[in-house]
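Read the numbers this way: they start at 1 and go in the same order the structure lists the ligands and their atoms.
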Amino acid sequence: MGIGATAGVAAVGGAALSAQASGNPSSSSASLRFDPDAYTKLTTTITDTQGAEHKVTYHFWKAITYVADPVDETYQSLNVSVPVEIDGTAVDATDAPILFANSVGGYLPSSVADATGIGASGAPTGGGTGGGASPAPSASASASAPGANGNTNGTGGALNTNQLLALLAGYVVVEPGARGRTLTNSDGEYYGTAPAVIVDLKAAVRYVRSNKGRIPGDTDRIVSAGTSAGGAVSALLGASGDSPIYDKYLKELGAADASDALFAVGAWCPITDLEHADGAYEWNWGTNALSSGKQVDQTVSKDLKAQFAEYQAGLKLRGLDGFGPLTARNYDEYLVKQYLEPSATKYLAGLSDSDRETYLAKNTFITWSGGRAAFAWDDFLTHVGARKKDTPAFDAFDLSAGENNEFGAGTTEARHFTAYGAKNDSTGLGTKRVAADIPGKLNLMNPMYHLVEKVNERRSKHWWIRLGTSDSDTSHVISANLAARLDNLGDDVNHLYYWDQGHGANTDPGDFITWIATVTGYDKDRTAKRN
Ligand code: DHB
């Protein structure tokens with residue numbers, strides 16, 4: 001099913017099709033004009049990373065449809081927040097970086113249409129925003145408590161924190177919704193499966209870019225952020241900037257005619273490179289038991305692990321900091337030296353002497369010497385414990401994984417997207433092969449395609465990537481490969497693993513906000529203006 005086949009489904013989710021005639025360029029461009037005056041003024045309290053509270057007044061534009069010919073406006077709309085006063089001092093965000101924070105989780109639909117203020121996407125409504133001087137979001141927005149935000153669905157704490165801290169830093173925050181894998185129309189057709197999420201987010205970027213000069217903020221300094229599936233699409237947005245392979249889909253939606261290239265990317269625990277993720281998962285977690293105590297099928301696990309070795313060899317990546325070629329044979333050593341030991345070292349160095357002693361007494365696999373942690377890969381795996389997913393982790397033989405649904409099409413809810421998954425299908429599917437459109441869909445969804453097979457020169461050149469060391473939603477090599485490829489291409493990569501943190505963690509949000517100022521040069525600009 002092409003996206004075009006989904007026309008007429010706008011009633012799903014309670015949205016109504018916008019009235020303009022599709023294909024009428026003047027009405028389309030008019031409908032995609034940002035109205036600088038159509039905001040509500042809101043005030044909220046934001047707690048910074050040190051625990052101090054700040055009063056922030058901001059202008060809030062709600063549920064702006066970002067394409068001229070929407071399929072479902074509930075999802076194809078975005079919110080904009082622009083700070084105007086912080087702790088009683090006026091701020092001017094005219095030239096500020098723009099944080100483009102998606103709230104995609106699980107490749108599910110994400111909507112900001114009912115949000116009552118910044119960072120409240122999908123939340124139950126509290127203080128309304130209807131007209132004039134609306135009340136602030138009822139709950140005091142808290143961006144504090146680094147380490148306490150292990151959200152599990154990719155839509156909660158981590159991103160919310162980024163958004164609030166960005167507003168507090170004086171940045172513009174754009175929060176786009178996007179279609180997701182479970183949406184069906186009245187004919188039972190899936191209209192939010194791949195590549196809908198990335199097409200929608202690109203269209204939203206184009207909307208922002210095309211409104212340069214009307215929308216506050218520097219449209220050449222858009223920084224994407226997302227967690228998990230949202231981290232995957234954030235990385236994909238950055239890698240695929242202005243790629244022509246999305247053109248026909250964008251055209252069908254009446255997307256604004258503008259660049260969708262991004263300046264920088266923040267990606268937390270990106271669930272990406274899906275067609276290679278099953279092999280990478282078994283390479284990483286193959287011998288870890290499930291939480292039930294059960295081992296996964298070791299024949300399947302070994303098959304997939306062998307596929308990973310071949311894939312990894314073909315990538316021809318070199319590890320960061322002069323590590324040399326990265327292979328299935330040395331990747332354990334690479335992860336330990338490059339990421340895991342430094343992560344544990346930072347964690348342990350931050351503890352009081354007595355807390356560190358207690359931790360080390362409980363975790364005797366760690367040697368602490370000269371202010372550095374050292375340990376073996378196998379002991380690290382034992383320390384993490386149960387693997388989250390059965391095998392194959394992503395292209396399940398019984399089509400039960402969320403990713404099978406993500407590659408559904410037409411009235412088919414879930415499909416295989418790897419040769420191995422299709423061959424071993426347990427649902428009685430006849431073909432035993434992936435459908436003809438799958439390879440193209442995989443390219444549309446994979447940042448590695450734009451970095452390896454086609455090296456996209458319009459990609460973001462600044463990358464912030466984070467992952468919890470205890471996160472077994474995917475393999476640790478997925479983000480390490482992404483980082484290594486970007487580094488090998490010469491990009492600026494800031495990649496750290498958070499010690500003992502699980503899926504969705506964001507324990508250094510303040511550093512991300514500072515990093516945005518540094519890479520965009522906004523610090524300098526602001527200082528220059530003040531002086
Ligand atoms: C997410 C988590 C997963 O384990 C997965 O396979 C896809 C998405 C998420 O949290 O977004």
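Annotation: side chain of L165 is not in contact with side chain of Y171 (no heavy-atom distance under 4.5 Å).
Close approach of ligand 1 to K389 (heavy-atom distance below 4.0 Å) involves ligand atoms 3 (C), 4 (O), 5 (C), 6 (O). Counting the atoms of ligand 1 from 1 in the order shown, those under 4.0 Å from a heavy atom of G105 are 11 (O). Annotation for ligand 1: atoms under 4.0 Å from non-hydrogen atoms of F394 are 6 (O). Remark: ligand 1 atoms within the under-4.0 Å shell around heavy atoms of D473 are 2 (C), 3 (C), 4 (O). Heavy-atom proximity to G106, at under 4.0 Å, picks out these atoms of ligand 1: 1 (C), 8 (C), 9 (C), 11 (O).
Between Y334 and Y339, the ring planes are perpendicular. Angles over 60° get that label, and only those under 30° would be called parallel.
Residue E403 has at least one nitrogen or oxygen atom sitting less than 3.5 Å from a nitrogen or oxygen atom of ligand 1, judged on distance alone. Between I271 and ligand 1, no pair of N/O atoms sits closer than 3.5 Å. Looking at S228 next to ligand 1, an N or O pair under 3.5 Å apart turns up.
Annotation: salt bridge (charged side-chain N to carboxylate O under 4.0 Å, His left out) contacts of D492 (sequence neighbours excluded): none.
Taking a 6.0 Å sphere around CD of Q295, one finds it holds more than 12 heavy atoms contributed by other residues, nucleotides or ligands.
Atom CG of residue L108 and atom CZ of residue R181 lie 4.5 Å apart, to the nearest 0.5 angstrom.
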Open item on the list: Checking R459 against D491 for the salt bridge (Lys or Arg N to Asp or Glu O under 4.0 Å) test, could you report, in this order, the C-alpha distance in whole Å, the side-chain angles of both residues, the deciding distance, and whether it holds?
Closed with: CA-CA 10 Å; R459 70 185 181 277; D491 294 355; 2.7 Å; yes

